[in-house]
Visitor: 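Below is the structure I would like to discuss, written out as structure tokens.
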2 protein chains.
Amino acid sequence: MFAYTAKVEKHQGCNYRQTIALMDKPATLSNIADKLKITTATVSRALSDHPKISASTKQSVLKVASQLNYKRNLVASSLRSGKTFTIGVIIPSADTNFFGSVVHGIEKCANEKGYNVLLYQSNETHDHEIKGIETFLAAQVDGILVSVAKDTIDYNYYKALIKKKKVPVVFFDRASDNAGVSSVVIDDYKGACIATEHLIKNGYKHIAHVSGPLQVKVFFDRKRGYEDALKQHNHLLNKDFIYEGNVSIESGKKAMQQFLSLKQKPDAVFAAEDFTALGIMKELKLRNIKIPEEFGVFGFANELFSEHITPALSTIDQQTITMGKESFELLLQIMENKNGTSIEKKIVLNPVPIFRQSSQRKQ
Amino acid sequence: MFAYTAKVEKHQGCNYRQTIALMDKPATLSNIADKLKITTATVSRALSDHPKISASTKQSVLKVASQLNYKRNLVASSLRSGKTFTIGVIIPSADTNFFGSVVHGIEKCANEKGYNVLLYQSNETHDHEIKGIETFLAAQVDGILVSVAKDTIDYNYYKALIKKKKVPVVFFDRASDNAGVSSVVIDDYKGACIATEHLIKNGYKHIAHVSGPLQVKVFFDRKRGYEDALKQHNHLLNKDFIYEGNVSIESGKKAMQQFLSLKQKPDAVFAAEDFTALGIMKELKLRNIKIPEEFGVFGFANELFSEHITPALSTIDQQTITMGKESFELLLQIMENKNGTSIEKKIVLNPVPIFRQSSQRKQ
DNA sequence: GTGAAAGCGCTAACAT
DNA sequence: ATGTTAGCGCTTTCAC
């Protein structure tokens, strides 16, 4: 008997339900609906500021919602609406300044627009990259931003993805022109031209280049920029003056060792990337070759350290924060493009040269 | 009539349905179930390798699943099971090497265990931090990792969170001892002792300290370590030798200017952090004071640049990758702790001193 | 070893 | 302006 009475209370007592809601499970739409004797539909609409809901209803819903500390369950909402308000970001590694900084930009922008950001690192392999995308797909992200891995040479996976319109994708920094994927990049070619020209104007006569892996477009373009700048200024192209490195201090050192073993030695280097430039500088210091008097060095990326080493390294800033922002906004544009017109856009950011000591010869 | 026939086909024709599945929407459990004339329950169990499902059923399910390119819908799964296999990570900023590197560690470990990682930046304010957590809560994350903002001095929010057992939380690096939250930190006190002692052993007699904001525990502890090391070696504590900086090159410079204006000038500095140390070195170079001969410098954090500046900066490595790994694993342990026993753990990592040129006087 | 049925919390088409 | 109803895709308790 007593037990029965208790049970009845459980199902009738308004206070009881309320207590439950407060101390136990998170509040739901129906908790609010019950309290106000309206339906969940109305509550849902009120909370989304639906135009056809009366101001007074909205007010009372809002009031009860905050009383119960209601928070919309995004998972349930996503399941029903098909939108998760989450994007996935794939980077080669979170361990570098450059990508950290771009993610910083993406994140900031995404949060402002009410999007969550899932992060995944490919560790520079295409296999991991695909795994990351599959994970994102399972999580039903609304869009994906990716900077492709070093060893991504085949873009069929992306082509298929785009073709099936499974999810919008935008490449940033590391992109490909013929994958049919929108992208945000900086003008690597132009950056390289500027760097090389600067070395020429500073009176260096034999300018070498240490590239990154050439299957990666950014590095390929930087090499092209270097070559074209030389041509335009009537400098001879010398095959011995090009070394394919792998984005590391070590490869800068190796390259320099090789250059210095040549009969005709270079007197300056444009490195495709700052770590390589650093290796080059270390090797030069070791041999007491003076920078920039005897030898000029120019890097690319404006890594944090470049400003603080001695001599300070001339380099190209890649506008990381802007790149992050633009990437997210382009993705957003494609995600919101409901009319089905598939847009493919390419945003090219301007490289910003930063001329420091390492390349400025006192003539 | 014709139309009718067509409509019938739509609802009966197996091929039609299959075609739909292949070219249109992602496959679902019921697509698989239909093909095999079994129920979604069985398919679900088969895919989760439930022990009571026969091997043959499992096999055929797996086969059809891969044929249809089935991918479990994580959102639906989460809604039903209450587990999202997603954790949230809050960092002050993605823009620094240190946090990038810790995130790297977290990410790697989380992915291996099948967890997704949501990232959120607080930009060093407690308000954003809370907003991030609320966002994560709405997304139903299974756990949260946070490195608190500079201006987080009040831990009531966290205390309430833990008390309500809404979601497991673990602090990393920036933590507090009395918030009732588990944490993974390095032994900042010990690191500071080691650094200071090293300077003493290298014959520096008047060792100053530039701290970070002292309401942040890591900086407070580093200051304590500095003070205690001096005491233990019978060095006098001099209030003029302590400058409260704000983790920047600028504050290193400012501190140094102030120190050098003193009657009794220091001959070495232990900086609470590498950027500060860098500022100190810049100021010293400007005044042609030789490092380490005339002045010793010791940093903290092992930022990337510290190895590459001249002279190379002695510093304390914070084991970022390990910190990330341990943080995730501790969180996982708490998340899996179903028996309700609330565990509060504190993992203290060993600081790893890296003695470079800047502190090693040739005596 | 498998099926039936309910329901997680929310939204949206349709009705009134 | 609000209610009714259905269901997103999955998991899980209870049957058998």
Side-chain angles (χ1 to χ4, degrees), chain A residues 17 20-21 24-62 64-65 68-86 137-142 338, chain B residues 17 20-21 24-62 64-65 68-86 137-142 338:
Chain A
R17 289 185 74 93
I20 282 284
D24 221 343
K25 308 247 155 198
T28 66
L29 282 188
S30 64
N31 295 150
I32 301 176
D34 285 359
K35 276 205 96 170
L36 292 168
K37 315 261 185 222
I38 55 178
T39 64
T40 58
T42 306
V43 178
S44 175
R45 289 186 189 111
L47 290 172
S48 329
D49 204 25
H50 188 109
K52 293 200 173 169
I53 297 293
S54 74
S56 68
T57 306
K58 278 182 191 170
Q59 236 183 347
S60 45
V61 166
L62 248 33
V64 175
L68 299 182
N69 195 28
Y70 172 81
K71 298 273 148 53
R72 170 196 264 119
N73 182 329
L74 233 153
V75 173
S77 170
S78 299
L79 179 60
R80 180 61 238 247
S81 69
K83 278 218 64 173
T84 55
F85 285 96
T86 300
L137 253 27
Q140 314 293 119
V141 296
D142 295 337
K338 324 236 159 151
Chain B
R17 288 186 76 94
I20 283 283
D24 222 343
K25 309 244 155 201
T28 65
L29 281 190
S30 64
N31 294 150
I32 300 175
D34 285 358
K35 277 205 95 170
L36 292 168
K37 316 265 185 218
I38 54 178
T39 63
T40 58
T42 306
V43 176
S44 175
R45 289 186 188 112
L47 289 172
S48 328
D49 206 24
H50 188 108
K52 290 199 175 172
I53 298 294
S54 74
S56 68
T57 304
K58 280 182 191 171
Q59 236 183 346
S60 45
V61 166
L62 248 32
V64 176
L68 299 182
N69 195 27
Y70 172 82
K71 298 271 149 54
R72 171 196 264 119
N73 182 328
L74 233 152
V75 173
S77 169
S78 299
L79 178 60
R80 180 62 238 251
S81 69
K83 277 218 65 175
T84 55
F85 285 97
T86 301
L137 253 26
Q140 316 293 119
V141 296
D142 295 338
K338 326 237 157 149

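Sequence lines set the chain letters: A, B, ... in the order given, protein chains first and strands last, and positions in each chain run from 1.
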Visitor: Check whether A:Lys58 reaches the backbone of A:His50 with its side chain - one donor and one acceptor, N or O, closer than 3.5 Å.
Guide: yes
Visitor: Take the protein atom CD of A:Gln140 and the nucleotide atom C1' of D:dC10, then report the distance between them rounded to whole Å.
Guide: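 For the pair A:Gln140 CD and D:dC10 C1', the rounded distance is 11 Å.
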Visitor: Starting at NZ of B:Lys25 and ending at P of D:dG7, how long is that distance when rounded to a whole Å?
Guide: 15 Å
Visitor: Check every strand shown and say whether A:Ser54 touches a base, only sugar-phosphate, or nothing at a heavy-atom separation below 4.0 Å.
Guide: sugar-phosphate
Visitor: Is any side-chain N or O of A:Ser77 closer than 4.0 Å to OP1 or OP2 of C:dG9?
Guide: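 So the side-chain polar atoms of A:Ser77 never come under 4.0 Å of the phosphate oxygens OP1 or OP2 of C:dG9.
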Visitor: Reckon B:Thr40 has a side-chain N or O less than 4.0 Å from the OP1 or OP2 of D:dC10?
Guide: no
Visitor: Starting at atom CG of A:Asn31, determine the distance to atom P of C:dC8, rounded to an integer number of angstrom.
Guide: 11 Å
Visitor: Over the length of the helix from C:dG1-D:dC16 to C:dT16-D:dA1, how much do the five-pair end axes diverge, rounded to 10 degrees?
Guide: 30°
Visitor: Between B:Ser81 and B:Thr39, just flag the one whose closest nucleotide in DNA chain C comes earlier from the 5' side.
Guide: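 Counting from the 5' end, the first nearest nucleotide belongs to B:Thr39.
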Visitor: If you only use heavy atoms from C-beta on, which nucleotide in D:dG9, D:dT12, D:dG7 is closest to the side chain of B:Leu79?
Guide: D:dG9
Visitor: So does A:Arg80 reach the base of D:dG9 with its side chain, donor to acceptor, closer than 3.5 Å?
Guide: no
Visitor: Send over the distance from A:Arg45 CZ to C:dT11 P, rounded to a whole Å.
Guide: 11 Å
Visitor: What is the distance, rounded to the nearest whole Å, between atom CD1 of B:Ile53 and atom P of D:dT12?
Guide: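 Roughly 13 Å, once rounded to whole Å.
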Visitor: Go through C:dC10, D:dT2, D:dT11 for me and flag the one nearest to the A:Arg72 side chain.
Guide: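 Nucleotide nearest to A:Arg72's side chain: C:dC10.
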Visitor: From the set D:dA1, C:dC10, D:dT11, return the single nucleotide nearest to any side-chain atom of A:Ala76.
Guide: C:dC10
Visitor: Hey, which of B:Val75, B:Asn73, B:Leu74 is the one that makes side chain to side chain contact (heavy atoms under 4.5 Å, CB included) with A:Ser78?
Guide: B:Val75
Visitor: Checking the side chain of A:Thr40 only, and the main-chain atoms of A:Leu29 only, is there a donor and an acceptor separated by less than 3.5 Å?
Guide: no
Visitor: Just call it for B:Ser78: base, sugar-phosphate, or nothing, with non-hydrogen atoms closer than 4.0 Å on any strand.
Guide: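 No contact.
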Visitor: Which of these nucleotides, C:dG3, D:dC10, D:dC8, is closest to any side-chain atom of B:Thr28?
Guide: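 Between C:dG3, D:dC10, D:dC8, the one nearest the side chain of B:Thr28 would be D:dC10.
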Visitor: State, with a plain yes or no, whether a side-chain heavy atom of A:Val61 is found less than 4.5 Å away from one of A:Ile53.
Guide: no
Visitor: Sub-3.5 Å donor-acceptor pair from the side chain of A:Ser81 to the main-chain atoms of A:Lys83, do we have one?
Guide: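 Here the side-chain-to-backbone pair exists.
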Visitor: Can you check the A:Leu29 CG to D:dT4 P distance for me, whole Å?
Guide: 16 Å
Visitor: Would you indicate, yes or no, if C:dG1 has its OP1 or OP2 atom less than 4.0 angstrom from a side-chain nitrogen or oxygen of B:Thr42?
Guide: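 No, because none of the side-chain N or O atoms of B:Thr42 sits under 4.0 Å from OP1 or OP2 of C:dG1.
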Visitor: Any side-chain heavy-atom pair from A:Ser48 and A:Arg72 closer than 4.5 angstrom?
Guide: yes
Visitor: CG/B:Asn31 to CG/B:Leu36 distance, rounded to the nearest 0.5 angstrom?
Guide: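 One gets 11.0 Å once the value is rounded to the nearest 0.5 Å.
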Visitor: What is the distance, to the nearest angstrom, from the CD1 atom on A:Ile32 to the P atom on D:dG3?
Guide: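 After rounding, the gap between these two atoms is 14 Å.
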Visitor: Any chance you could measure A:Gln140, atom CD, to B:Ser77, atom OG, to the nearest 0.5 Å?
Guide: 10.5 Å
Visitor: Could you state the atom-to-atom distance from NE2 of B:His50 to P of D:dT13 in whole Å?
Guide: 10 Å
Visitor: Between D:dG3, C:dT11, C:dA4, spot the one nearest the side chain of A:Ile38, thanks.
Guide: D:dG3
